[in-house]
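Scroll down for the structure; my scribbles are underneath it.
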Amino acid sequence: HKLATWSPLRLNAEKIANSHHFEVLMGMIIAFNLVVMIIETDQNASCMGAIGSCTPTWLLAVNEVLLVIYTLELFLNLFVQRSAFIKVTWNYLDCVIVGCGYTEIIFNA
């Protein structure tokens, strides 16, 4: 069995990544992110035509924290799944979301 050759660290990471509690936590984070996106969209719509960004600093900070959380989840799955990572379709979506997040940070710098 593959798990017999895994390190204790990888076994513990697998328990976390595949636990119901972790999935619920990530679902709650995604729902919170949706609320943040709605607030950000309303904020940006209210200052259409303004010069510069009118996004509050706290919103930018929350977005960066969420990006770090998504990045950690991505690396956790990569660490656990290794070569099987490319066989899970959801991982592609995670990569695109995280990649877009960092691209936005780079272009807004």
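What's counted below: heavy atoms across the whole structure, side chains too, no hydrogens, waters or symmetry copies.
Within the 4.5 Å cutoff, the side chain of Trp6 has heavy atoms near those of the Val80 side chain. The side-chain heavy atoms of Tyr70 and Ile30, taken from C-beta on, include a pair separated by under 4.5 Å. The shortest side-chain heavy-atom distance between Met37 and Asn63 does not fall under the 4.5 Å cut-off. Between Glu14 and Gln81 the shortest side-chain heavy-atom distance does not fall below 4.5 Å.
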Audit row: Phe22, Lys15, side chain to side chain contact (heavy atoms under 4.5 Å, CB included) steps and yes/no: CA-CA 9 Å; Phe22 186 74; Lys15 285 180 189 173; over 6 Å; no
Do Cys95 and Trp90 pass the side chain to side chain contact (heavy atoms under 4.5 Å, CB included) test, and can you show the C-alpha distance, the side-chain angles, and the key distance before you say yes or no? CA-CA 9 Å; Cys95 287; Trp90 285 110; over 6 Å; no
Run the side chain to side chain contact (heavy atoms under 4.5 Å, CB included) check on Ile29 and Glu73 step by step: do they pass? CA-CA 12 Å; Ile29 290 170; Glu73 180 200 17; over 6 Å; no
Decide yes or no on side chain to side chain contact (heavy atoms under 4.5 Å, CB included) for Thr89 and Leu93, but give the supporting numbers first. CA-CA 7 Å; Thr89 308; Leu93 178 62; over 6 Å; no
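Contact record, Phe32 with Val62: CE2-CG1, 3.8 Å, taken as the closest heavy-atom pair. Between Pro56 and Gln43, the shortest heavy-atom contact is CD-CG, 3.6 Å. The shortest heavy-atom contact between Gly101 and Leu67 is C-CD2, 3.7 Å. Here the shortest heavy-atom pairing between Leu74 and Asn91 reads CD1-O, 4.2 Å.
Cation-pi geometry between Arg82 and Phe79 is met: under 6.0 angstrom from the ring centre, within 45 degrees of the axis.
Asn108 contributes atom CG, which lies 8.5 Å from atom OG1 of Thr55 (distance to the nearest 0.5 angstrom). To the nearest 0.5 angstrom, Leu25 atom CG is 11.0 Å from His20 atom NE2. Asn77 contributes atom CG, which lies 7.5 Å from atom CG of Asn18 (distance to the nearest 0.5 angstrom). Here the straight-line distance linking atom CD of Glu64 with atom CD1 of Ile69 works out to 12.5 Å at 0.5 Å rounding. Taking CG of Leu11 as the reference point, atom OG1 of Thr5 lies at 8.5 Å (rounded to 0.5 Å). To the nearest 0.5 Å, atom CG of residue Asp42 and atom SG of residue Cys47 are 11.0 Å apart.
Residues Ile97 and Phe85 fall into different hydrophobic clusters, defined by Ile, Leu, Val, Met, Phe, Trp and Tyr side chains chained together at heavy-atom separations under 4.5 Å. Cluster annotation: Val88 and Val98 are assigned to distinct hydrophobic clusters (Ile/Leu/Val/Met/Phe/Trp/Tyr, side-chain heavy-atom contacts under 4.5 Å, transitive). Taken together through direct or relayed side-chain contacts under 4.5 Å among Ile, Leu, Val, Met, Phe, Trp and Tyr, Met26 and Val65 form part of one hydrophobic cluster. Under the 4.5 Å side-chain heavy-atom criterion for ILVMFWY residues, no single connected hydrophobic cluster contains both Leu34 and Met28. Under the 4.5 Å side-chain heavy-atom criterion for grouping Ile, Leu, Val, Met, Phe, Trp and Tyr, Ile105 is connected to Trp58 within one hydrophobic cluster.
Among residues two or more places apart in sequence or in another chain, the side chain to side chain donor-acceptor pair (under 3.5 Å) test is passed with Tyr92 by none.
Within a 6.0 Å sphere centred on CZ of Phe75, other residues, nucleotides and ligands contribute 12 heavy atoms or fewer.
Taking a 4.5 Å side-chain heavy-atom cut-off between Ile, Leu, Val, Met, Phe, Trp and Tyr, the cluster of Phe107 contains only that residue.
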